[in-house]
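First up is the structure itself, then whatever we jot down about it.
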4 protein chains.
Amino acid sequence: MSAPAPEKLVEGAEPKRLRGHLRVQAILDAAGALFAERGYDAVTMTEVAARSGAAIGSLYRFFPTKEVLADALLRRYGERIDAELAALADEAATLPLDAFADAFVDHALAWAPDRAAALVLIEARHMAGPQRERLRESMRARFCETIAHVNPALGPDRVEAKARVLHQLFKLVAANAGEGAAVLRELRALVAGFLRGRAADG
Amino acid sequence: MSAPAPEKLVEGAEPKRLRGHLRVQAILDAAGALFAERGYDAVTMTEVAARSGAAIGSLYRFFPTKEVLADALLRRYGERIDAELAALADEAATLPLDAFADAFVDHALAWAPDRAAALVLIEARHMAGPQRERLRESMRARFCETIAHVNPALGPDRVEAKARVLHQLFKLVAANAGEGAAVLRELRALVAGFLRGRAADG
Amino acid sequence: MSAPAPEKLVEGAEPKRLRGHLRVQAILDAAGALFAERGYDAVTMTEVAARSGAAIGSLYRFFPTKEVLADALLRRYGERIDAELAALADEAATLPLDAFADAFVDHALAWAPDRAAALVLIEARHMAGPQRERLRESMRARFCETIAHVNPALGPDRVEAKARVLHQLFKLVAANAGEGAAVLRELRALVAGFLRGRAADG
Amino acid sequence: MSAPAPEKLVEGAEPKRLRGHLRVQAILDAAGALFAERGYDAVTMTEVAARSGAAIGSLYRFFPTKEVLADALLRRYGERIDAELAALADEAATLPLDAFADAFVDHALAWAPDRAAALVLIEARHMAGPQRERLRESMRARFCETIAHVNPALGPDRVEAKARVLHQLFKLVAANAGEGAAVLRELRALVAGFLRGRAADG
DNA sequence: CATGAATGAGTATTCATTCAT
DNA sequence: TATGAATGAATACTCATTCAT
């Protein structure tokens with residue numbers, strides 16, 4: 001007598017026209033800014049809609065769930081950071097060490113604006129989603145590449161360990177984006193020292 | 001329901017005040033654990049009350065607002081971390097540099113358990129409270145002390161800058177509490193290198 | 001890192017004080033009336049709350065879900081109808097056939113007011129709940145008893161079949177509660193004829 | 001997307017009108033099936049559009065409101081049932097009583113499939129529409145005809161009363177479409193008994 | 001003072017309907 | 001005319017906070 005409701009879409013409708021694509025971008029931008037400012041839980045879907053200039057119904061057409069919205073944001077962010085880190089790994093192969101240390105800091109600083117929203121989403125306790133793991137994993141791989149380029153003689157375990165620390169240094173530097181020159185100088189020194197690896201290598 | 005108060009051990013004078021104190025501690029413990037597990041927004045006052053064995057009305061008698069509760073938690077946490085950092089600053093004055101670098105890492109790792117709840121609260125974007133600033137400020141002061149002890153020749157600006165980076169290194173190390181020996185070795189090297197300050201000093 | 005939210009109550013809080021019991025009754029009455037008037041889907045929880053004089057939050061304290069509310073209503077209704085049908089079965093054993101036919105009609109008519117809400121809930125396509133099956137089953141059992149009393153010579157299959165039809169006649173009569181004497185006379189004749197069972201027995 | 005219209009079979013004059021007609025039929029079919037499966041409220045206009053192969057905009061061109069759609073469905077259903085009942089009334093005039101009782105049951109069973117969607121719509125409390133009344137009225141008239149044919153001696157009041165009960169018996173039988181032979185035999189006996197009208201006539 | 005029932009503003013989400021393309 | 005993206009009022013449900021007992 002009773003009948004199960006039909007399957008629900010898990011992904012929002014892909015926008016098929018230019019207008020839709022623009023709208024999706026606007027929504028992601030608005031959501032990113034709001035999440036960065038106030039955290040995942042504190043932001044309401046209504047606010048996201050308002051800030052992006054979309055009606056609440058339109059927002060839900062593309063992102064049928066708050067979590068899906070966060071996931072999409074994380075995916076977009078992941079693409080950007082991966083491109084950034086790929087470039088970084090390349091530079092690790094071509095630049096002399098000190099120049100590369102500076103480049104590393106520059107990349108981290110350039111990344112900073114995106115960072116806030118991304119971090120909030122990654123740290124958010126709920127939204128377990130595999131998105132987070134995937135992102136973390138791809139970043140780690142890039143940092144391993146980088147370390148391997150900088151220091152080709154290292155065994156895989158050392159590479160892993162140093163890559164992990166380098167990953168954290170990346171975040172650390174990004175967290176200091178707004179600071180004065182003095183701090184940045186310290187950071188460059190910190191990174192250069194780490195890459196040169198005197199202490200741990202000896 | 002409430003923690004059994006050892007009423008007879010005291011002079012019978014202030015059983016209520018003592019009970020109240022214990023209850024406050026229980027509430028703070030419960031809140032700290034829950035915030036660490038699930039984040040500030042996701043935890044309900046009712047849950048805090050239940051986990052601490054207090055009635056919701058009692059919880060509100062002590063902490064008239066969720067934000068006040070978070071603030072109190074942050075204050076308690078601030079006292080602990082300040083003691084820890086004070087000890088660290090002392091060691092900076094007495095230990096040789098390499099030994100101190102190890103001590104620094106040890107302190108950071110020891111701090112890690114507390115860290116989770118505190119971090120959740122500090123990062124929570126909305127709760128503006130002055131508590132955060134005050135905590136940050138006191139931590140920074142301790143790190144300045146530490147740097148000054150390690151490197152007495154530095155001018156105040158350099159001290160400021162290095163203290164800021166040291167602060168972040170503290171968090172970075174704490175974030176690696178669960179990692180293997182290889183990573184820890186890298187971290188010790190990183191900290192030692194930073195404190196020695198070769199690159200930036202030259 | 002992430003933690004699952006604690007289990008949610010499936011049953012609403014049992015009222016522990018008189019006030020609470022009265023409130024629960026008021027809510028069930030309001031819900032019953034509204035469901036009967038306008039159907040399950042068309043009634044909003046806010047309306048139920050308003051009509052029962054409770055705040056929406058209070059409604060949800062006792063009935064954490066619209067479905068739970070419907071289930072509770074069905075349970076209450078089930079208790080009443082079972083008492084009614086038990087009495088009917090007793091009368092089947094003691095009254096002469098024609099008198100019993102009249103009693104049957106009277107019982108069905110007496111039941112009519114409750115009927116509307118119950119029927120709406122039983123027919124509702126969603127809310128699969130076992131409540132429905134259980135209710136249907138217990139009613140069927142009572143009608144089997146009744147038939148067995150009226151006509152002790154019947155085999156179990158005949159009893160089943162006649163019980164099923166009797167069940168439907170019960171609903172049919174109840175559906176005519178507001179009609180004039182002429183219709184009621186026809187109904188009494190219909191029931192008497194069915195119980196006497198001339199045609200089918202011969 | 002739309003059902004392939006046999007455009008060439010017509011004189012080429014009104015391909016649109018034909019297409020529209022087919023589309024309307026498809027929509028009504030889809031809506032009927034969905035309403036029967038899941039109830040009026042639970043079915044969305046978007047689903048109806050999807051199942052009928054029409055765009056949501058087209059659906060609204062033909063049926064400017066969900067209620068209008070339900071009404072149209074009810075009207076179509078009314079036409080069918082009226083034809084059925086007219087045939088039944090004819091048979092009442094020509095068949096001997098027992099044969100007619102069987103025919104009555106057969107007609108009711110044949111009608112059962114349509115019944116589901118119609119019943120859902122008729123029972124739906126909100127949709128007040130005059131459609132329901134009109135349908136009920138025309139059915140009653142047919143049942144009056146039938147009763148008059150079966151029992152020409154009855155006065156108009158008796159006819160009214162018996163017609164009303166016959167109407168309900170029609171629904172009762174239809175509700176047992178899926179049941180076993182034993183139940184059907186009881187139903188035939190019930191109907192025959194009622195038509196013969198021993199008890200009430202005496 | 002302690003308790004926990006009551007309150008109601010606020011949140012995510014759905015869906016009938018409109019209208020630009 | 002046909003299409004399906006856009007709209008926003010309405011809905012079930014949550015939770016910080018209050019207050020009668």
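Throughout, a chain's letter reflects where its sequence line sits, starting with A, and its residues are numbered from 1. All values reported here derive from a predicted model rather than from experimental measurement. Reckoned from all heavy atoms, side chains included, excluding hydrogens, waters and symmetry mates.
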dA5(F) OP1/OP2 closer than 4.0 Å to side-chain N/O of S58(A): no
Please report the interatomic distance CG(L22(A)) to OG(S52(A)), rounded to the nearest 0.5 Å. 12.0 Å
Let me know the distance between CD1 of I27(A) and C1' of dA12(E), rounded to the nearest Å. 15 Å
Could you tell me which residues satisfy side chain to side chain donor-acceptor pair (under 3.5 Å) with Y77(D), sequence neighbours excluded, listed by chain and number? W111(D)
Within this structure, what is the CZ-to-C1' distance between F63(C) and dA5(E), rounded to whole angstrom? 15 Å
Between P of dA12(E) and CG of L34(A), the distance in whole Å: 12 Å
Kindly say if R23(C) contacts the phosphate of dA5(E), meaning a side-chain N or O under 4.0 Å from OP1 or OP2. no
Watson-Crick and G-U pairing of DNA chain E written in dot-bracket, each distance under 3.5 angstrom, with | for inter-strand partners: .||||||||||||||||||||
Can you check whether R76(C) reaches D29(C) side chain to side chain, under 4.5 Å on heavy atoms? yes
Using whole Å, what does the distance between atom P of nucleotide dA2(E) and atom CG of L22(B) come to? 13 Å
Please check the phosphate of dC1(E) (OP1 and OP2 only) for any side-chain N or O of R61(B) closer than 4.0 Å. no
Considering only heavy atoms from C-beta outward, does the side chain of R23(A) approach that of L28(A) to under 4.5 Å? no
Determine which pairs satisfy salt bridge (Lys or Arg N to Asp or Glu O under 4.0 Å) with at least one residue from residues 44-54 of chain A, sequence neighbours left out, and list them in order. E37(A)-R51(A), R38(A)-E47(A)
Which residues pass the side-chain contact (heavy atoms from CB on, under 4.5 Å) test with A31(A), not counting sequence neighbours? F35(A), V48(A), L69(A), L73(A)
Atom pair distance, as rounded to whole Å: CG in L59(D) and C1' in dG4(F): 13 Å
Could you list, one pair per line, each protein nitrogen or oxygen that sits under 3.5 Å from a nitrogen or oxygen of nucleotides 9-13 of chain F, together with the distance?
{"residue": "dA12(F)", "atom": "OP1", "partner": "V43(C)", "partner atom": "O", "Å": "3.4"}
{"residue": "dA12(F)", "atom": "OP1", "partner": "K66(C)", "partner atom": "NZ", "Å": "3.2"}
{"residue": "dA12(F)", "atom": "OP2", "partner": "M45(C)", "partner atom": "N", "Å": "3.0"}
{"residue": "dC13(F)", "atom": "OP2", "partner": "Y60(C)", "partner atom": "OH", "Å": "3.2"}
{"residue": "dC13(F)", "atom": "OP2", "partner": "K66(C)", "partner atom": "N", "Å": "3.0"}

Would the distance check show the side chain of K66(B) and the main-chain N or O of V43(B) forming a donor-acceptor pair, the cut-off being under 3.5 Å? yes
Whole angstrom value for the distance that separates P of dC15(E) from CG of L69(D): 16 Å
Minimum side-chain heavy-atom gap F63(D)-D71(D) below 4.5 Å: no
Could you check whether any side-chain heavy atom of Y40(C) comes within less than 4.5 Å of a side-chain heavy atom of E67(C), counting everything from C-beta outward? yes
